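Worth saying up front: this structure is predicted, and the values here are computed from it rather than measured.
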Amino acid sequence: SRKDETGKGVPMFVQFILNQVWAVYDSLLSSDEERTLKIVDSLGLQVPPRELSNRNREEALRSVMMRWLPLSRSVLAMAAEQL
């Protein structure tokens, strides 16, 4: 595993999940268009350019996250499966 600033190992969940979520969050809110497009392409997401270039960066973030991690659909599917 990787080492953090203190020299301790970083948990795998942080390394493989949280760091990726943070990278998407950071690139969208910082308006780094090149990095955002690279991330969207590597994730294979179909996000219209209009939504990515939205002046409200939080809306752009919401649009990408909804396509990448569809939480509402996943929770609904899990609830229906349990019933």
With no hydrogens and no angle check, is any side-chain donor or acceptor of Ser27 less than 3.5 Å from a backbone partner on Asp32?
no
Below 4.5 Å, heavy atoms only, C-beta onward: do Gln20 and Val24 meet side chain to side chain?
no
Report the distance from atom CZ of Arg57 to atom CG of Leu52, rounding to the nearest 0.5 Å.
7.5 Å
Common cluster, Val64/Leu29, ILVMFWY with side-chain heavy-atom separation under 4.5 Å
yes
Using every non-hydrogen atom in the two residues, find where Ala60 and Glu51 come nearest and quote the distance to one decimal.
CB-O, 3.4 Å
How about Glu33: does its CD atom have over 12 heavy atoms from other parts shown lying under 6.0 Å from it?
no
Hydrophobic cluster membership, Leu61 vs Ile17, 4.5 Å side-chain cutoff:
no
Could you give the distance from CD (Gln15) to CE (Met12), rounded to the nearest 0.5 Å?
7.0 Å
Is it true that Val10 and Phe13 fall in one hydrophobic cluster, defined by side-chain heavy atoms closer than 4.5 Å?
yes
CE of Met78 to CG of Leu76: how many Å apart, nearest 0.5 Å?
10.0 Å
Looking at every non-hydrogen atom in both residues, tell me the closest pair between Ser63 and Val47 and how far apart they are.
OG-CG1, 3.9 Å
Could you see if Leu18 belongs to whatever hydrophobic cluster contains Tyr25? Use Ile, Leu, Val, Met, Phe, Trp, Tyr and a side-chain cutoff under 4.5 Å.
no
When rounded to the nearest 0.5 angstrom, what is the spacing between CG in Leu45 and CE in Met66?
12.0 Å
Starting from the C-alpha separation in whole Å, work towards a yes-or-no answer on side-chain contact (heavy atoms from CB on, under 4.5 Å) for Met65 and Leu71.
CA-CA 9 Å; Met65 288 299 209; Leu71 184 62; over 6 Å; no
CG/Leu28 to CG/Asn54 distance, rounded to the nearest 0.5 angstrom?
11.0 Å
Student check: side-chain heavy atoms of Arg67 and Val40 closer than 4.5 Å:
no
